Amino acid sequence: MNKLHGPTRVRGLYVRDIRFPTSLENDGSDAIHPDPDYSCAYVTLFTDTDLEGYGLTFTLGRGTELVVSAVKTLAPLVVGKSLHELLYSNMGKTWRSLVTESQLRWVGPEKGVVHLAVAAIINSLWDLWARSENLPLWKLLVDMDAHQLLDTIDFTYITDALTREEALRMLNEMKKGKQERENFMLTNGYPAYTTAAGWIQYSDQKISSKCREHMTQGWRHFKIKVGLDMQRDIQRCKLVRSLIGDDALLMVDANQKWGVDEAVTWMKELAFCRPHWIEEPTSPDDILGHAVIAKNLRPLGIGVATGEACQNRVMFKQLLLAEAIDYCQVDAARVGGVSEVLAIYLMAKKFNGQSTFRDIIVSISRFSCFMAKFNGQSTFRDIIVSISRFSCFMVKFNGQSIFRDIIVSISRFSCFMAKFNG
């Protein structure tokens with residue numbers, strides 16, 4: 001975009017409460033959330049040109065109106081300001097201003113409804129920045145000067161685990177081989193798994209049908225929900241393992257259902273099906289509990305994954321320092337948007353954590369089930385196919401793809417991860 005005629009200011013913000021009736025056919029159901037209606041608070045930023053920025057945060061239906069209200073309350077912190085005040089070397093300061101608003105901070109801080117609202121606004125600002133440069137976000141990030149990238153991150157509360165100087169050193173070390181990794185990602189894509197066959201309220205018949213369908217499409221990584229009934233979980237794990245074979249990966253997800261000891265006992269009963277990980281075995285706030293679970297399950301070859309409900313970089317810092325997780329599932333719609341994701345990526349890199357990047361992978365499978373209602377089939381074979389299916393579904397909504405920030409972020413982040421994961 002010609003900088004002389006590009007946008008200079010955010011002149012307005014509009015936020016929508018968008019909900020999909022996924023509960024009608026048990027899509028998205030798990031041990032804690034039996035009837036979710038997958039939804040979002042969707043933000044559009046308007047500038048003094050035709051350029052707009054889009055961002056969202058994920059919700060389950062009721063309560064979306066609370067996030068929408070929080071977004072409206074935060075809006076004056078960005079509306080009317082110049083892009084130079086908000087973006088570029090000031091992006092970190094902008095993030096900090098949103099999470100430290102002196103009165104709103106009391107109903108956080110950096111967690112809950114207010115932090116979800118921050119995520120939607122921050123994601124829309126990143127989208128606006130990328131669009132102003134006519135680049136996908138991943139490309140904007142991987143080509144960014146290391147110092148400039150670090151200017152977008154707030155290191156408050158995490159310098160005991162990661163300093164700016166350490167982060168700079170890591171980024172400089174990763175320059176070697178960057179182009180080769182980027183080329184590989186563009187050619188091969190980023191590995192993904194599907195939960196479309198594993199929602200907890202599905203019948204055996206539906207599970208079998210979905211597994212066969214996705215195996216035909218090329219899927220080799222499957223996740224199923226567990227946690228309501230041990231004998232039923234044993235049956236479902238046997239069924240899925242028999243359908244996908246011994247070479248495919250199987251993951252299980254309890255969605256915070258168990259206590260610590262219960263999680264260990266339950267997973268020992270499911271160890272026969274060789275689960276790659278147990279996701280969210282207990283309360284997302286129980287750092288020490290996750291550490292105990294991980295210590296007991298690692299000898300069985302079972303990893304611990306969490307992050308879907310981990311609210312900020314400080315919680316991830318503790319999980320990593322306590323060696324409480326094996327898979328860091330950071331979500332750009334749960335923590336404070338892309339800016340906070342970057343801080344968590346860098347910490348995970350330092351502590352050699354594996355990151356499954358839930359904001360890309362699981363969000364895809366979350367929406368795959370109900371998209372089929374609108375365009376005939378569920379073809380979430382890979383990330384690229386998922387992008388087009390998001391677009392198809394949105395056409396029904398208002399004639400265009402309003403979810404561009406998710407759609408593009410899927411591909412945008414894929415190459416960026418290579419920079420940190422090698």
Side-chain angles (χ1 to χ4, degrees), residues 40 43 53-58 87 91-96 98-99 110-111 115-130 136-144 146 148-158 161-162 164 167 170-171 174 185 190 192 284 305-320 325 327-351 353-364 366 383 405-421:
C40 68
V43 170
Y54 306 96
L56 61 73
T57 194
F58 179 75
L87 308 179
M91 181 63 108
K93 295 177 182 177
T94 297
W95 190 89
R96 193 69 193 151
L98 288 168
V99 301
E110 298 184 37
K111 62 176 70 71
H115 213 48
L116 294 176
V118 168
I121 294 173
I122 286 294
N123 289 339
S124 66
L125 285 168
W126 274 104
D127 186 69
L128 182 62
W129 184 353
L137 181 53
W138 71 262
K139 190 62 173 170
L140 176 71
L141 290 167
V142 299
D143 288 349
M144 195 177 290
Q148 186 180 18
L149 182 66
L150 294 177
D151 284 341
T152 71
I153 299 172
D154 181 9
F155 286 88
T156 304
Y157 304 137
I158 63 171
L162 178 72
R164 181 186 173 103
M170 285 194 297
L171 289 173
M174 291 300 291
M185 296 301 296
Y190 198 81
T306 200
E308 176 175 287
C310 186
Q311 57 246 20
N312 56 51
R313 68 206 178 286
V314 180
M315 297 296 290
F316 274 108
K317 176 189 76 172
Q318 296 172 77
L319 287 165
L320 292 165
I325 55 173
Y327 297 92
C328 178
Q329 294 181 302
V330 58
D331 186 342
R334 166 65 69 172
V335 300
V338 174
S339 297
E340 193 162 31
V341 167
L342 296 177
I344 297 164
Y345 280 173
L346 288 165
M347 285 192 292
K349 170 64 179 176
K350 177 181 175 179
F351 293 102
Q354 301 179 63
S355 181
T356 57
F357 298 96
R358 180 195 166 273
D359 51 311
I360 294 171
I361 301 171
V362 177
S363 293
I364 296 170
R366 278 181 173 250
I383 290 175
D405 60 314
I406 284 187
I407 298 166
V408 178
S409 292
I410 293 169
S411 58
R412 283 176 175 179
F413 275 101
S414 61
C415 290
F416 181 52
M417 294 181 198
K419 183 169 184 176
F420 294 103
N421 278 13

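The figures that follow rest on heavy atoms only: side chains count, while hydrogens, waters and symmetry mates do not. Remember, predicted model here, so these are calculated numbers, not experimental data.
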Asks: Go through it in stages, so that I can follow the logic: the residues are D151 and R164, the test is side chain to side chain contact (heavy atoms under 4.5 Å, CB included), and I'd like the CA-CA distance, side-chain angles, deciding distance and then a yes or no.
Replies: CA-CA 9 Å; D151 284 341; R164 181 186 173 103; 3.0 Å; yes
Asks: When rounded to the nearest 0.5 angstrom, what distance separates NZ in K349 from CG in L171?
Replies: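 These two atoms lie 10.5 Å from each other.
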Asks: Is a donor on one side and an acceptor on the other found under 3.5 Å between the side chain of K317 and the backbone of M347?
Replies: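 Such a contact is absent between K317 side chain and M347 backbone.
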Asks: Let me confirm one number: the CG-CG distance from L149 to D143, rounded to the nearest 0.5 Å.
Replies: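 Rounded to the nearest 0.5 Å, the CG-CG separation comes out at 11.0 Å.
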Asks: Show the nearest heavy-atom pair for residues L320 and A348, with the distance to one decimal.
Replies: CD1-N, 3.8 Å
Asks: Testing the basics here: between A332 and A119, what is the closest heavy-atom pair and its distance to 0.1 Å?
Replies: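 Smallest interatomic distance, heavy atoms only, reads O-CB, 3.7 Å.
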Asks: Is a donor on one side and an acceptor on the other found under 3.5 Å between the side chain of R313 and the backbone of T156?
Replies: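 Indeed, once roles are kept as given, a pair shorter than 3.5 Å links the two residues.
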Asks: Which atom pair, heavy atoms only, marks the closest approach of L319 to C310?
Replies: CD1-SG, 4.1 Å
Asks: What are the two closest non-hydrogen atoms of N123 and V338, and how far apart are they?
Replies: OD1-N, 3.0 Å
Asks: Would you give the length of the straight line joining atom CD1 of I158 to atom CD of Q318, rounded to the nearest 0.5 angstrom?
Replies: 12.0 Å
Asks: Ignoring hydrogens and geometry, is there a side-chain-to-backbone donor-acceptor pair from W95 to G336 under 3.5 Å?
Replies: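 Here the side-chain-to-backbone pair exists.
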Asks: For L346 versus M170, what's the shortest heavy-atom pair and its separation?
Replies: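 Where L346 meets M170 most closely, the heavy atoms are O-CE, 3.4 Å.
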Asks: Minimum heavy-atom separation for L150 to A167, with atom names?
Replies: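 Answer, listing the atom of L150 first, then A167: CD2-CB, 3.7 Å.
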Asks: Mind checking whether E340 and D154 have side chains closer than 4.5 Å, heavy atoms only?
Replies: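 The answer is no; the side chains never approach within 4.5 Å.
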Asks: Is it the case that the side chain of T152 and the backbone of G92 share a donor-acceptor pair, with hydrogens and angles ignored and the cut-off at 3.5 Å?
Replies: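 No; zero donor-acceptor contacts below 3.5 Å.
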Asks: Under a 4.5 Å cut-off applied to non-hydrogen side-chain atoms, are T94 and L87 in contact?
Replies: no
Asks: Given 3.5 Å as the limit, does a donor-acceptor pair link the side chain of D127 with the main chain of Y54, or not?
Replies: yes
Asks: Could you go through the side chain to side chain contact (heavy atoms under 4.5 Å, CB included) check for W126 and L342 one step at a time?
Replies: CA-CA 12 Å; W126 274 104; L342 296 177; 4.1 Å; yes
Asks: Less than 4.5 Å apart, any side-chain heavy atom of V335 and any of F316?
Replies: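 Side-chain contact under 4.5 Å: yes.
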Asks: Can you tell me how far CE of M315 sits from CD1 of I344, rounded to the nearest 0.5 angstrom?
Replies: 11.0 Å
Asks: Is any side-chain heavy atom of L116 closer than 4.5 Å to one of R334?
Replies: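 They are in contact (side-chain heavy atoms under 4.5 Å apart), so the answer is yes.
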